[in-house]
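Reviewing the structure listed below.
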Amino acid sequence: MAAVPDHVYETVADHLTTIEREHDVAVPLAVARGSHAWGGASPDSDYDVGFVFVSTDLRRYAHLERPPETIVEDRGAFEYQGWDVRTFAQLLADSNEGAIDLLRSPISYHRAYDPDELAAYIERTYNPIDLYHTWRGIATSNYRKYISHHLVRSDDELFPIVEADDETYLVETDDGTMTVSADDERFQETQTKPTVKRNLTIYRAAMAARYLKATGERGTHDLPALAFETFLREQAPAVFDRKRIECARELLERKRAGEGDATIGDAVGRAFAHPPKRIDPDVHARDGPDPTRLDGFVDEVIDAVQ
């Protein structure tokens with residue numbers, strides 16, 4: 001069961017009261033995000049808090065200068081990201097991964113609105129292809145930035161190296177690949193410092209994308225559990241081999257032990273970090289949540305703070 005110390009609840013409550021006062025909003029729902037939500041927190045992990053807010057003066061929604069769509073604040077070890085209820089509803093309509101995970105968080109800091117019924121509805125109606133491409137994008141972009149061996153061009157653009165010999169490099173581009181001569185002075189070879197934390201980020205995203213695709217092709221589109229340990233234990237064996245699961249579990253355990261910044265090399269592998277760019281929309285796309293139901297959610301949240 002996910003948990004945080006009692007003093008964290010007290011600190012978050014104080015911070016939320018200040019945010020409400022400073023921004024003239026009410027917060028009906030606030031939960032843990034990040035590593036505390038998915039089970040990868042170490043003793044030194046910061047506390048990420050996600051929340052939904054409503055303007056205390058509903059007339060602001062009709063004014064030319066409307067309430068902010070988001071509120072982001074850094075308060076030392078506590079980082080806050082909030083969404084206006086309308087913005088949050090739109091994110092759910094778009095099957096946004098961050099919004100869905102906020103509804104699924106196991107740690108609630110404030111709960112004037114109970115999200116359980118909405119969370120169950122969203123899990124039944126989200127658009128799988130949108131989530132797939134979100135997770136694929138997280139895996140590929142993090143692999144490219146933090147794990148890949150690169151060439152760096154004089155304009156600072158990075159090109160991951162696919163293959164190399166004494167005379168040429170074959171590098172990845174946005175459109176495919178290109179060959180660069182080893183004596184091209186515009187390019188320099190550099191090596192990133194891949195850490196436990198970065199490898200684990202890529203593992204989680206790549207496994208989620210591949211799991212969603214595989215279960216979708218079987219007709220179910222199972223949503224991966226938010227708790228990564230639960231996913232590895234209960235869901236991953238249906239799609240991945242034991243070696244792949246054990247590697248991911250080892251990264252998780254090292255992250256929890258405080259070794260997230262340890263440099264370890266490429267624990268994921270280029271091929272695994274790049275799920276297929278295209279998947280069949282006839283299999284993996286659907287309409288997504290009903291806008292009428294999401295309008296009802298907006299009404300329910302406003303009612304919860306009035």
Side-chain angles (χ1 to χ4, degrees), residues 2 12 16 19 23 25-40 47-55 61 66-73 79-139 141-142 201 204-205 208-209 211-212 221-228 231 284-305:
V12 170
L16 290 174
I19 289 171
H23 295 275
V25 299
V27 174
L29 178 64
V31 303
R33 301 181 68 226
S35 59
H36 284 94
W38 59 263
Y47 294 92
D48 296 306
V49 180
F51 62 95
V52 178
F53 65 87
V54 178
S55 175
Y61 289 114
R66 294 186 175 186
E69 293 185 354
T70 60
I71 296 174
V72 178
E73 293 200 7
E79 298 182 2
Y80 294 82
Q81 182 168 9
W83 292 271
D84 175 75
V85 64
R86 299 165 308 147
T87 302
F88 188 74
Q90 184 59 59
L91 292 175
L92 293 177
D94 295 338
S95 298
N96 176 271
E97 173 252 357
I100 293 173
D101 283 353
L102 188 149
L103 294 179
R104 300 199 293 162
S105 176
I107 300 173
S108 295
Y109 292 122
H110 183 68
R111 199 177 171 109
Y113 170 79
D114 185 343
D116 292 350
E117 183 179 341
L118 177 65
Y121 171 74
I122 293 297
E123 288 192 32
R124 295 193 304 270
T125 60
Y126 71 90
N127 187 0
I129 201 167
D130 288 341
L131 272 184
Y132 174 85
H133 285 299
T134 296
W135 284 324
R136 181 188 183 278
I138 292 171
S141 63
N142 276 272
T201 296
R204 289 182 61 230
Y211 180 80
L212 189 62
H221 283 115
D222 295 341
L223 190 64
L226 177 59
F228 193 49
F231 169 75
H284 301 289
R286 57 192 184 202
D287 292 339
D290 181 1
T292 301
R293 175 64 183 88
L294 295 178
D295 284 342
F297 154 70
V298 173
D299 294 339
E300 292 164 5
V301 169
I302 291 174
D303 288 343
V305 296

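Within the 4.5 Å cutoff, the side chain of L102 has heavy atoms near those of the L29 side chain. The shortest side-chain heavy-atom distance between F297 and V85 falls under the 4.5 Å cut-off. You'll find the side chain of D116 reaches within 4.5 Å of the side chain of R111, heavy atoms only. With a 4.5 Å cut-off on side-chain heavy atoms, L131 and I100 count as touching. Counting heavy atoms from C-beta outward, E117 and E300 have side chains that stay 4.5 Å or more apart. Counting heavy atoms from C-beta outward, T125 and D290 have side chains that stay 4.5 Å or more apart. Under the 4.5 Å side-chain criterion, counting only non-hydrogen atoms from C-beta, L16 is not in contact with F53. Counting heavy atoms from C-beta outward, R204 and F231 have side chains that stay 4.5 Å or more apart.
For the residue pair A285 and N127, the shortest heavy atom distance occurs at CA-OD1, 3.4 Å. Nearest heavy-atom pair across L294 and A89 is CD1-O, 3.6 Å. Looking at every heavy atom in both residues, V305 comes nearest to A26 through CB-CB, 3.8 Å. Annotation for P67 and S55: closest pair CG-CB, 3.7 Å, computed over non-hydrogen atoms. Contact record, A205 with I138: CB-CG2, 3.6 Å, taken as the closest heavy-atom pair.
By the ring-ring contact (aromatic ring centres under 6.0 Å, His included) test, Y109 pairs with Y9, sequence neighbours left out.
In this structure, the separation between NE2 on H23 and CD1 on I71 is 4.5 Å, given to the nearest 0.5 Å. One distance of note links CD1 of I107 with CG of D48; it measures 11.0 Å at 0.5 Å rounding.
Both tests hold for R293 against Y121: distance to the six-membered ring centre under 6.0 Å, angle to the ring axis within 45°. Taking the ring centre of F51 as origin, the terminal cationic atom of R33 falls outside the region bounded by 6.0 Å and 45° from the ring axis.
Classified by interplanar angle (parallel below 30°, tilted 30° to 60°, perpendicular above 60°), the ring pair F228/W38 is perpendicular.
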